[in-house]
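Okay, so here's the structure we're looking at.
Just the heavy atoms: all of them, side chains too, but no hydrogens, waters or symmetry mates, feed the values below.
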Amino acid sequence: MIKVGDTLPATTLMEFSEVEGEGCSIGPNAVDVAKATAGKTIALFALPGAFTPTCSAQHVPGYVEKFDAFKAAGVDEIWCISVNDAWARDQKTAGKVRMLGDGSAAFAQATGLTLDLTSRGMGVRSNRYSMLVKDGKVVELNIEGPGKFEVSDAATRVMGRPSKHLG
């Protein structure tokens, strides 16, 4: 399992770009994790899937809401990683949170942060967690326990536990 001090795995995530109006998204566009994190501070959070109660009602909205606080603390970008990413418009993340798809769970498997929901017909997905990444290296990692939402939310990251690695 990935840990503080490790470099993010050399994987590719997928991203759709919105277009003006009611047009279709553009993509998928490959995002090389190593290139996209080089020289940047990334607040990254991952979740099991789109349109689930905790993910849609709390996790993503919290990061959108705290966008300015993250920027003020020195974060260049906020990333949300999920096995499905088709809910950016619904979550109003444009310009604040990059919604990156890990459709085959390659990133989740490479980090060792998987959640196996095969018995429920949903396959292998990402566990719920947050991490702070600087220049491709993990400097903080907060992994949720099964069914929990206590350490990876935006309010905890920004307000409750100020990062010694920011600001």
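- Side-chain contact between V133 and V139: absent, with no pair of heavy atoms (C-beta onward) separated by less than 4.5 Å.
- K71 meets the side chain to side chain donor-acceptor pair (under 3.5 Å) test with no other residue; sequence neighbours excluded.
- Side chains of N142 and Y129 form no contact here, defined as non-hydrogen atoms less than 4.5 Å apart.
- Closest non-hydrogen pair, P48 versus R125, comes out as O-NH1, 3.0 Å.
- Closest of all the heavy-atom pairs between A36 and V31 is CB-CG1, 3.7 Å.
- Hydrophobic clustering, defined by side-chain heavy atoms of Ile, Leu, Val, Met, Phe, Trp and Tyr closer than 4.5 Å, groups M122 together with L115, L117.
- The shortest side-chain heavy-atom distance between E144 and F149 falls under the 4.5 Å cut-off.
- With values rounded to the nearest 0.5 angstrom, I81 atom CD1 is found 11.0 Å from M99 atom CE.
- By the salt bridge (charged side-chain N to carboxylate O under 4.0 Å, His left out) test, E77 pairs with K40, R98, sequence neighbours left out.
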_Let's go through V97 and F67 carefully: what are the C-alpha distance in whole Å and the side-chain angles of both, what is the deciding distance for side chain to side chain contact (heavy atoms under 4.5 Å, CB included) to 0.1 Å, and is it a yes or a no?_
CA-CA 8 Å; V97 177; F67 171 78; 5.9 Å; no
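- In this structure, the separation between OG on S82 and CG on L47 is 5.0 Å, given to the nearest 0.5 Å.
- Without hydrogens or angle criteria, N29 side chain to F16 main chain gives no donor-acceptor distance under 3.5 Å.
- Contact of the W79 side chain with the L13 side chain is registered, since non-hydrogen atoms from C-beta on lie closer than 4.5 Å.
- Counting only residues at least two apart or in different chains, side-chain hydrogen bond (donor to acceptor under 3.5 Å, both in side chains) contacts with residues 4-14 comprise K3-D6, T7-K137.
- No donor-acceptor distance shorter than 3.5 angstrom exists from the side chain of D68 to the backbone of A72, with no hydrogens or angles considered.
- Between the side chains of T114 and Q109, no donor-acceptor pair is found at a separation under 3.5 Å.
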*side chain to side chain contact (heavy atoms under 4.5 Å, CB included) between M1 and I143: does it pass, once the steps are laid out?*
CA-CA 11 Å; M1 182 183 322; I143 304 169; 3.5 Å; yes
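- Scanning all heavy atoms of the two residues, the minimum distance from A105 to V83 falls at CB-CG1, 4.3 Å.
- Side-chain contact between V75 and I42 is absent, with no heavy-atom pair separated by less than 4.5 Å.
- For F45, the ring pair (Phe, Tyr, Trp, His ring centres under 6.0 Å) partners at least two apart in sequence or on another chain are H59, Y63.
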*Give the C-alpha distance, both sets of side-chain angles, the deciding distance and a yes or no for side chain to side chain contact (heavy atoms under 4.5 Å, CB included) between L100 and V33.*
CA-CA 10 Å; L100 300 169; V33 171; over 6 Å; no
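- Rounding to the nearest 0.5 angstrom, the gap separating the CD atom in E140 from the CG atom in L44 is 12.5 Å.
- Taking the salt bridge (charged side-chain N to carboxylate O under 4.0 Å, His left out) definition, one finds that D135 meets it with nothing, sequence neighbours left out.
- Of all non-hydrogen atoms in S126 and A46, the two that sit nearest each other are OG-CB, 3.3 Å.
- The shortest non-hydrogen separation linking T41 to G74 is CB-O, 3.6 Å.
- Atom CG of D116 sits about 11.5 Å away from atom CG of N127, to the nearest 0.5 Å.
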